[in-house]
Amino acid sequence: MRRTSAVGLALAACLGTAPTATATAAPAAPKSEARLDRYYDQRLIWGSCANGPGDTMGRDLDRAGVQCAEVTVPLDYAAPRGRTITVAISRLKATDTRHRIGSILLNNGGPGGTALESPPEFHARMKTVGPRYDIVGFDPRFVGRSTPLDCGLPVGTNLFSAGLSRASFERQVVLQKDLADKCRATNASVLPHVSTRNTARDMDVIRGALGEKKISYFGYSYGTYLGTVYTQMFPGRSDRMVLDGAIDPRKFGPQLLKDAVGENEQALADWATWTAARNDTYGLGRTRAQVLATIDRVIRASARGPLTVGTAPESFQLDDTRIPLILVAGLDSDTETSRAALGEQVSELKKAAAGQLTRLSPQFAAILRFTMTAEQSHHGSVQSAVICGDRAAPRDPEVYWRDIERSRAASPRFGPLAGNINPCAFWDRPREEPTEVKHDAKLLIVSATGDPRTPHTGAVALHGLLPSSKLVTLRGANRHAVYGVYENACVDNKVNRYLATGKLPVNDRTCSKQAG
């Protein structure tokens, strides 16, 4: 579940040699890692981030003083002398070299999200502490500019609803099996090695190649699970770690939204209240109940026949398996801007249900291209491969159907989406068991009580598994990913204080949503 917000010059001799704020040496490498010395000890070649004159992102990074490099890692850590792949990284070096803390590694979520572009924006979020870090973005294995993975999928995600009928569910069974078959046919040799545990191993190679005994880390959403896995596989090698939008590691798996159904229903209800007060703008109803009834009528209409949204040359056909995903995509934040965008989109869906011509905003068109065309096939490929490579799923479609039917009473809109079958039902079994949390870790967890992607209960559960952690709770917000992107000064200040001092709060902390 990737976050939806769009996410210096110093002497090279400082890299890896300046003392960090926590100077305790990392544990000695296990004997099994001796075979990986050539990866840990590799010399990184830093240079321009631009791949050519048309590479806007690369040119922007170059102008911001960021440099890029590639880290070589083994495809299969059990066979380090075999095939290798590359992981793309970027670095904005610390400018306050006298007070340099170390390197901080960034992950923006997903799975399948990039962070190569993130050091400049993250530097701004860190305010006065930013110049004290080498800020390092990376594209996880097979993501972005790392060695690619693309199964040639017709869609950019597998996260669709089962719809209203058994017939729509059966169509989903066919689609999800086809997604798995396409990946197996095109990338069978690499799929067993696409997993969170292998990405964590890559992170530790990055740490070694950067010359750091310990590395700091900031992860959003899925990145919180990746960070947790890293602490368990490499205890003692992390310095300051922040996990924002945290996942209960025991529940990460093929049905990512199953525990967030209630939060999405509440976020939708809150949005409906907001929209009802603006009926003159959106025309969806003057009360919360009327707005929700409008949405239900639109879904029922799409079940009778796909709704056409947009006009030539760009139009899309949306049925009852697609529209719930549009709602989920628009509920990631309760800001005025996000709520207005969803209001405009649902207004267009209402017109389509009435057979009227519709207009696609650039944002709505981008969402539909992402979810319903092959434009983001690589994203859908990696997302499926990581999730299915981490945890096995039930194989029998009837298991999913029974669960979907049970969910309809409490959550008719989102239950059939969260419980729907997915490619993992047709995937080969993972090579490794899921990571168990057995080691405590001192880190900071950030969570909003109404998070509709990774529910607050997951953050509380992770906090319980890691007794030395501290939890910063943002109350009253339906928001996924908070630090630096929600403009809550209370949360931002607490995170930056921890990144500056390395000291966790004495007790858990609570912040409140700010007016507006």
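All of these numbers come straight from a predicted model, not from anything done at the bench.
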Under 3.5 Å, is there a donor on one side chain and an acceptor on the other for Glu344 and Ser361? no
Arg391 to Phe252, cation-pi by 6.0 Å centre distance and 45° axis angle: no
Can you name the residues that form a ring-ring contact (aromatic ring centres under 6.0 Å, His included) with Phe364, not counting sequence neighbours? none
Side chains of Arg171 and Ser168: is there a donor and an acceptor less than 3.5 Å apart? no
For the pair Thr273 and Arg288, evaluate side-chain hydrogen bond (donor to acceptor under 3.5 Å, both in side chains) and give the outcome as yes or no after the intermediate values. CA-CA 5 Å; Thr273 299; Arg288 170 191 287 193; 2.7 Å; yes
What are the two closest heavy atoms between Pro120 and Leu92, and how far apart are they? CA-CD2, 4.3 Å
Less than 4.0 angstrom from a charged side-chain N to a carboxylate O is my criterion; do Asp428 and Arg184 meet it? yes
Any side-chain donor near an acceptor of the partner, Tyr486 and Asp244, under 3.5 Å: no
Please examine the side chains of Lys182 and Pro154, heavy atoms only from C-beta on, and report whether any two atoms are closer than 4.5 Å. yes
Would Glu348 and Lys351 pass as an ion pair if we require N to O under 4.0 Å? yes
Under 4.5 Å between any side-chain heavy atoms of Glu265 and Phe414, yes or no? yes
Charged N-O contact under 4.0 Å between Lys251 and Asp259: yes
More than 12 heavy atoms from other groups under 6.0 Å of CZ on Arg429: no
Between Glu314 and Arg369, is the closest basic N to carboxylate O distance under 4.0 Å? yes
Just wondering, are more than 12 heavy atoms of other shown residues or ligands nearer than 6.0 Å to CD in Glu433? no
State, yes or no, whether a side-chain contact exists between Asp248 and Leu465 at a heavy-atom distance under 4.5 Å. yes
His480 and Ser221: side-chain donor and acceptor closer than 3.5 Å? yes
Using only heavy-atom distances, determine whether the side chains of Thr435 and Arg197 contain a donor-acceptor pair under 3.5 Å. yes
Charged N to carboxylate O under 4.0 angstrom, Arg300 versus Asp320? no
Polar contact flag, side-chain donor to acceptor under 3.5 angstrom, Thr308-Gln317: yes
I want to check something: taking the side chain as every heavy atom from C-beta on, are Val446 and Thr224 in contact at a cut-off of under 4.5 Å? no
Would Asn158 and Ser384 count as having a side-chain donor-acceptor pair, cut-off 3.5 Å? yes
Salt-bridged, Asp55 to Arg59, with N to O below 4.0 Å? no
Any donor-acceptor N or O pair under 3.5 Å, side chains Asn478, Asp270: yes
Name the orientation class of the two ring planes belonging to Phe122 and Phe218 (parallel below 30°, tilted from 30 to 60°, perpendicular beyond 60°). perpendicular
Provide the full list of ring-ring contact (aromatic ring centres under 6.0 Å, His included) pairs with a residue in residues 256-275, sequence neighbours left out, each pair given once. Trp274-Tyr282
Does the pair Arg166/Glu398 count as a salt bridge with the N-to-O cut at 4.0 Å? yes
